[in-house]
Protein chains: 2
Amino acid sequence: MTLKLDKVNRGPHLSTLVASSISREIAQGRLKPGDQLPTEQALATTFGVSRNVVREAIARLRSEGRIWSQQGRGAFVADAANATVLTIDYETLQRADSFRNLFELRGMLEVQIAALAAARRSDADIAAMEEALDGMRTAPYGSVAWLKNDLGFHRAVAEATQNPYMGQFLVFVSERVRESILAAGNQQKSDDMARTTLGEHERILAAIKAGDAKGASAAMTRHLAGAASRVGLPGGEASAKPASPARHSRLRKAVRGQAAG
Amino acid sequence: MTLKLDKVNRGPHLSTLVASSISREIAQGRLKPGDQLPTEQALATTFGVSRNVVREAIARLRSEGRIWSQQGRGAFVADAANATVLTIDYETLQRADSFRNLFELRGMLEVQIAALAAARRSDADIAAMEEALDGMRTAPYGSVAWLKNDLGFHRAVAEATQNPYMGQFLVFVSERVRESILAAGNQQKSDDMARTTLGEHERILAAIKAGDAKGASAAMTRHLAGAASRVGLPGGEASAKPASPARHSRLRKAVRGQAAG
DNA sequence: TCTTGTCGTGTTATCATACAACCCTGATTG
DNA sequence: CAATCAGGGTTGTATGATAACACGACAAGA
């Protein structure tokens, strides 16, 4: 009865379908934290699959911290806070507002990271940034090599904070942003864009090199504004809360500013 | 002929052990992206477990985007960028510098989030914050209810940004921080701390209520600095210089003990 | 009545085997 | 030479069995 098994597309594996189905039950509150799941046998017959498949699905959910199980007792829904992994599934990525929200989160991270990096960078960090920048110079705009070096530059900045989590989070978010861009498709490239983008990166690097935290975050803000407009991010848009304009973060200004230029 | 797997402790499930073992091979570069994994049968005999266990481990790694497999061909190591989940394993959490770095990341998020929240908050958001604050007033400092409402307050702030990813990321990071604190154990509590903490929260709420973004981030900054000192961390604010790791020997020592769920 | 020990049942964890679906390769055949 | 097809290897799924464990029922003893 609880099975829905609606044509889940992604992943031809039955275990994937079962896992998403159970996951959905939890997300929609039909299975609350503490509730006991049906037995593996019951789930197997319910879904019409073998118990083995159910076990793979449960193993997956358990690794995500969504459920926990104990031999001899059963499987139970875990507290949402106990999730040990942060995951953004592909479906929600394809929604338009997801892209904007992700971009905003990324911007928030980047701007702060740039400031920290300017204060803490080592010579090796600078070298890594310069190497990535060189890679971008020799690769055609938008090519795989270009994107790789672009990400590499930002990762180098993040690593210059000497805080490994900065890079970890930033790369994760950036990758989701990139996927989102790819999902949306359609973007035009030009040599002009390449020059502009490179210039933005160079200004960031210069500020970090000089140890100028304020300048670094300002340069990063400009870069993000430019990047937003290059990927055609609709700025100052309806669903964004029309909030008090004058006084808030540069991030917001960045998102809004790209509409103008 | 039982498993020989090196010392892995956490997770009584064999599939967990196998998964972390393979995961470690990937992390340490002994299995590079594109490489083909041994066959399931081979892995089964290598680890001394049944093929079923290996399949559960692989299902888990596949769901994390670390590997991909195709029927009839085999399983292959995926590009690191393709990881669909962000995970911080329990072991690294127990290192003292992990705690400091996580706290710094959390602070970076919170300060920006507070500013955004002040600009975008709705009445419902304000109500949620006040409810959480009330919950903190009636609960003893440091109790489960207190912590729950504390997190609830911060989550409400994050949700006031109208950007769901903010809350998602913040809660994730905060939970890791909390785990880290629990792992360290023995915090001393006092009524004084309760009052101070409550006051900090109230100032944050007031600024957000007033739509004062600058004030909100300033209040949040003060709160984080206070929280940092309360958990025995020097300088909560995003300071320019990386804190010296040597300062935290007390934390590191305490970390040895297991966390109580 | 209360405690304690035992047992049976249900559940998960693991094992073992078999078959189906699929990919790749190489030989066969037109 | 090209197309086809047979075979082995690999993953995906199904099935049945056994071990480990949790939990309640129940009887024996104090």
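Numbers restart at 1 for each chain; the letters A, B, ... are given by sequence-line order, proteins then strands.
- C/dA13 atom P lies 6 Å from atom CD of A/Q71, rounded to whole Å.
- Which of D/dA19, D/dA14, C/dC23 sits closest to the side chain of A/V53 comes down to D/dA14.
- Taking the charged nitrogens against the carboxylate oxygens, B/D97 and B/R100 have no contact shorter than 4.0 Å, which rules out a salt bridge.
- For A/E40, counting side-chain heavy atoms from C-beta on, the closest listed nucleotide (C/dA21, C/dT12, D/dA22) is C/dT12.
- Mapped onto DNA chain D by nearest heavy atom, B/T39 and B/N52 fall at different nucleotides, with B/T39 at the one closer to the 5' end.
- When distances are taken from the side chain of B/S69 to each of D/dT13, C/dC23, D/dG12, the shortest belongs to D/dG12.
- Using a 3.5 Å distance cut-off with no hydrogens or angles, the side chains of B/N101 and A/Q162 do not pair a donor with an acceptor.
- Ion pair A/R60/A/E56 not flagged as a salt bridge, since none of the NZ, NE, NH1 or NH2 atoms sits closer than 4.0 Å to an Asp/Glu carboxylate oxygen.
- Regarding contacts with the backbone of C/dC15, a side-chain N or O of B/S50 is found under 4.0 angstrom from either OP1 or OP2.
- Within the structure, every side-chain polar atom (N or O) of A/R55 is placed at least 4.0 Å from both OP1 and OP2 of C/dT12.
- For B/Q41 and C/dA18, the CD to P distance is 12 Å, given to the nearest whole Å.
- Listed pair A/R73 / D/dC21 fails the phosphate criterion, with no side-chain N or O lying under 4.0 Å from OP1 or OP2.
- When the P atom of D/dG12 is taken as reference, atom CD of B/E56 falls 14 Å away, rounded to whole Å.
- Between D/dG12 and B/R62, a contact under 4.0 Å exists linking OP1 or OP2 to a side-chain N or O.
- Residues A/S15 and A/R51 both approach DNA chain D. Their nearest nucleotides, taken by heavy-atom distance, put A/S15 toward the 5′ side.
- A/Q70 comes within 4.0 angstrom of sugar-phosphate atoms only, judged by non-hydrogen atoms across all strands, and of no base.
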